[in-house]
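To start, the structure itself, in structure tokens.
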Amino acid sequence: MEGTHDDLSDIAWFTPEGGEMTQRDWDSARASALTVFLNGNAISEPGQRGERITDDSFLLMFNASPKPLDFVVPVDHGRQWQVVVDTARADGVPPGAGPKVQAGARLTLADRSLTVLQRPV
């Protein structure tokens, strides 16, 4: 699972501290909390006419642990993100109304929750 990534990589895995996952991280108990980056600029399939397709990028922050944890928004993958899903909120996140967060910001995720951040194209 570990490796390097660049602008063309479609996925990257991060620790809650915002660093890229290593094999050691995967082997530790902390692997129950991680962030996945889905790169909307790295869609490899062309469109119907052979054109390049781009889409929004997403950060999926998973906290499967039994206690709240702080997550750092990874840097170098976008300056500003917006919360679009937070499973800890009983009322959900209304479209376009989620808080905006900057790269390097800390978010506290409730135990056993998922938060999704979106970076528009």
Side-chain angles (χ1 to χ4, degrees):
M1 295 309 259
E2 96 180 278
T4 60
H5 59 85
D6 55 28
D7 290 341
L8 300 178
S9 297
D10 59 349
I11 191 167
W13 305 82
F14 297 90
T15 65
E17 294 80 21
E20 192 164 1
M21 296 276 289
T22 64
Q23 189 59 49
R24 183 182 215 177
D25 295 319
W26 285 110
D27 294 339
S28 80
R30 288 281 295 201
S32 65
L34 56 85
T35 297
V36 180
F37 170 65
L38 301 176
N39 188 352
N41 292 320
I43 299 171
S44 59
E45 296 295 319
Q48 292 180 347
R49 296 187 176 107
E51 75 276 12
R52 182 171 183 254
I53 297 176
T54 60
D55 199 355
D56 296 347
S57 293
F58 295 90
L59 288 171
L60 289 72
M61 298 175 161
F62 296 93
N63 181 10
S65 75
K67 62 181 181 177
L69 291 176
D70 284 343
F71 281 69
V72 175
V73 177
V75 296
D76 299 328
H77 288 82
R79 289 183 302 213
Q80 184 171 315
W81 297 83
Q82 185 167 24
V83 175
V84 293
V85 173
D86 183 350
T87 62
R89 290 181 58 170
D91 59 344
V93 178
K100 294 186 177 172
V101 295
Q102 303 296 318
R106 287 190 175 276
L107 297 175
T108 301
L109 270 67
D111 55 297
R112 298 181 175 95
S113 69
L114 163 71
T115 296
V116 178
L117 306 180
Q118 178 180 24
R119 185 191 75 204
V121 176

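Residues: numbered from 1 along the sequence shown.
Between the NE2 atom in His77 and the OG atom in Ser57 there is a gap of 9.0 Å [rounded to 0.5 Å]. Note: Phe58 CZ to Arg119 CZ = 10.5 Å, rounded to the nearest 0.5 Å. With rounding to the nearest 0.5 Å, the separation of CZ in Phe14 from CZ in Phe71 is 13.0 Å. Here the CG-CD distance, from Leu34 to Glu17, works out to 11.0 Å after rounding to the nearest 0.5 Å.
Side-chain atoms of Thr35 do not come within 3.5 Å of backbone N or O of Met61 as any donor-acceptor pair. For the pair Gln82 (side chain) and Gly98 (backbone), a donor-acceptor distance under 3.5 Å is present. No donor-acceptor pair closer than 3.5 Å links the side chain of Asp27 to the backbone N or O of Arg24. Checking side-chain atoms of Asp86 against main-chain N and O of Thr115 turns up no donor-acceptor pair under 3.5 Å. Under the 3.5 Å distance criterion, the side-chain polar atoms of Asp10 are left unmatched by any main-chain donor or acceptor of Asn39.
In terms of heavy atoms, Asp70 sits closest to Thr108 at OD1-OG1, 2.5 Å. Heavy atoms only, all atoms of each residue included: Val101 and Leu107 are closest at CG1-CD2, 3.6 Å. The minimum heavy-atom distance between Leu69 and Ala33, with the atom names listed, is CD1-CB, 3.6 Å. Gly78 and Ala103 make their closest contact through O-CB, 3.3 Å (heavy atoms, listed as atom of the first residue, atom of the second, distance).
Under the 4.5 Å side-chain heavy-atom criterion for grouping Ile, Leu, Val, Met, Phe, Trp and Tyr, Trp13 is not connected to Val72 through any hydrophobic cluster. Hydrophobic clustering (ILVMFWY, side-chain heavy atoms < 4.5 Å, transitive): Val73 and Val93 are in one cluster. A continuous path of hydrophobic side-chain contacts links Val116 to Ile11 [ILVMFWY only; heavy atoms under 4.5 Å]. One hydrophobic cluster holds both Val36 and Val85 under the rule that ILVMFWY side chains link at heavy-atom gaps under 4.5 Å.
Put simply, the side chain of Phe62 does not reach to within 4.5 Å of the side chain of Ser113, judged on heavy atoms. The side-chain heavy atoms of Trp26 and Met21, taken from C-beta on, include a pair separated by under 4.5 Å. Looking at Pro74 and Leu59, their side chains come closer than 4.5 Å, going by heavy atoms from C-beta outward. Residues Val84 and Leu117 are not in side-chain contact: their nearest non-hydrogen atoms beyond the backbone lie 4.5 Å or more apart. Inter-residue side-chain proximity for Arg89 and Pro94 is flagged as met; some heavy-atom pair is nearer than 4.5 Å.
In this structure, Arg79 places its CZ atom where only 12 or fewer heavy-atom neighbours from other residues, nucleotides or ligands lie under 6.0 Å away.
Under the 3.5 Å distance criterion, with hydrogens and angles disregarded, a donor-acceptor pair is assigned to the side chains of Gln102 and Gln80.
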